[in-house]
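Report on the following structure.
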Amino acid sequence: MTYCVGIEVNEGLVFAADTRTSASFDDVRVYRKMHVFEWPGERVFVLMSAGNLATTQLTLSRLQRDVDDPHAPRSLRTLSHLYEVAEYVGDTLVASQVKMYDDAQQSGVNVQSTLILGGQIAGERPGLYMVYPLGNCIATSPETPYLQIGESKYGKPILDRIIRPETSLEDAARCALVSLDSTIRSNLSVGMPVDMALLRAGDLKVTQKMRLEADTPLYAEIHDTWSRKLESAVHSLPRFPWEPQGEREAPAGPLPPMPPRRLPSRQDPGDAQGQQ
């Protein structure tokens, strides 16, 4: 399984993705799910993927092949508008799935993949699209300024509560990290390290890019602060009628040991099929 989130705010775009892949419970590996195609000052694209790993690799290889071919009718380098790029990536994804299906139809392997594409072309505003396995795509909107693929439910609440078009780029990035942290906490199929990239509107390049391990000071501080603030918020909620009224202070000192992470109730069918 995997979890990737892309956020669009007025200041630009935020991308965050875990790196865990698995073929079975005892075959867990790290693989980059965020890929950057960048021509500084001209255009920049970020792709994040969830689904069959072989399909994703084939799609990326075909995209790069077209970039390297000056005679290719379409490529990331030549298309004029971001929505045209989204359509082209969708067509490439479908073609890759067809090729993989021809090779894997006897084994019953699910070869589908889903992508998040974001970026900016000079002269246009930044944009964010989700590209579905059928090749069609949707864009973000002011009402829903973020997109998720993979294990999305655990990291969704903070995005719904906080993210607005006017949210600052850095606050959006912090929300993305908390969204990943919540998902990693609740689902063992999503894991560290986390890749993050920020694209500030008008820069036409990736402004900031980092990989965060569990013991990276920034990530560890965000994780601990979020846990402490959540606990403090619960302590400050209104009292029940049978309780002494008035605000109750949160306990001082170190956080108590966290409860064990829940174990998956059943094996994800995709785990045995080379899924991310």
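Keep in mind that the numbers below use all heavy atoms, side chains included, and drop hydrogens, waters and symmetry copies. What you see is a predicted model; the values in this text were computed from it and never measured.
- Distance alone, capped at 3.5 Å, is enough to place a donor-acceptor pair between the Asn10 side chain and the Pro165 backbone.
- Considering Asp195, Leu115, Thr21 as possible partners of Lys33, the one that fulfils the side chain to side chain contact (heavy atoms under 4.5 Å, CB included) test is Thr21.
- Leu169 and Val36 are members of different hydrophobic clusters when ILVMFWY side chains are connected at heavy-atom separations under 4.5 Å.
- A continuous path of Ile, Leu, Val, Met, Phe, Trp and Tyr side chains, each step under 4.5 Å between heavy atoms, connects Tyr3 with Ile163, placing both in one hydrophobic cluster.
- Checked against side-chain hydrogen bond (donor to acceptor under 3.5 Å, both in side chains), Thr207 has the following partners two or more places apart in sequence or in another chain: Asp203.
- No donor-acceptor distance shorter than 3.5 angstrom exists from the side chain of Thr2 to the backbone of Gly150, with no hydrogens or angles considered.
- Side-chain atoms of Arg20 come within 3.5 Å of backbone atoms of Leu188 as a donor-acceptor pair (strictly under, hydrogens ignored).
- Using modelled atom types and a 3.5 Å distance limit, the side chains of Asp181 and Tyr219 yield a donor-acceptor pair.
- With hydrogens and angles disregarded, a donor-acceptor distance shorter than 3.5 Å links the side chain of Arg43 to the backbone of Leu79.
- Side-chain contact of Asn187 with Glu151: a donor-acceptor pair under 3.5 Å is present, judged by distance alone.
- A donor-acceptor contact closer than 3.5 angstrom is absent between the side chains of Ser182 and Ser179.
- With respect to the salt-bridge test (charged N to carboxylate O, under 4.0 angstrom), the residues Asp160 and Lys156 qualify.
- Checked by atom type and distance alone, the side chain of Thr59 pairs as donor or acceptor with a backbone atom of Thr55 at under 3.5 Å.
- With salt bridges taken as basic N to acidic carboxylate O contacts below 4.0 Å, none links Glu87 and Arg74.
- Between the side chain of Gln148 and the main chain of Gly6, no donor-acceptor pair closer than 3.5 Å is present.
- The side-chain heavy atoms of Val109 and Asn52, taken from C-beta on, include a pair separated by under 4.5 Å.
- Glu8 and Thr140 share a donor-acceptor pair across their side chains, judged by distance under 3.5 Å alone.
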Show your reasoning for whether side-chain contact (heavy atoms from CB on, under 4.5 Å) applies to Trp39 and Phe45. CA-CA 9 Å; Trp39 295 269; Phe45 307 109; 4.0 Å; yes

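- Taking the charged nitrogens against the carboxylate oxygens, Arg200 and Glu170 do have a contact shorter than 4.0 Å, which makes a salt bridge.
- Cluster annotation: Tyr132 and Leu58 are assigned to distinct hydrophobic clusters (Ile/Leu/Val/Met/Phe/Trp/Tyr, side-chain heavy-atom contacts under 4.5 Å, transitive).
- Judged purely by atom type and a 3.5 angstrom limit, Glu243 uses its side chain to pair as donor or acceptor with the backbone of Phe240.
- The side-chain hydrogen bond (donor to acceptor under 3.5 Å, both in side chains) search around Arg65 returns none, not counting sequence neighbours.
- Leu60 and Met34 fall into different hydrophobic clusters, where Ile, Leu, Val, Met, Phe, Trp and Tyr are joined by side-chain heavy atoms under 4.5 Å apart, directly or via other members.
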Under the criterion side chain to side chain donor-acceptor pair (under 3.5 Å), I'd like the reasoning laid out for Thr78 against Ser75: C-alpha separation, chi angles, the key distance, then a yes or no. CA-CA 5 Å; Thr78 60; Ser75 76; 3.3 Å; yes

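- For Ser186 (side chain) and Thr183 (main-chain N/O), no donor-acceptor pair under 3.5 Å exists by modelled atom type.
- Other residues, nucleotides and ligands contribute at most 12 non-hydrogen atoms within 6.0 Å of the CD atom of Gln208.
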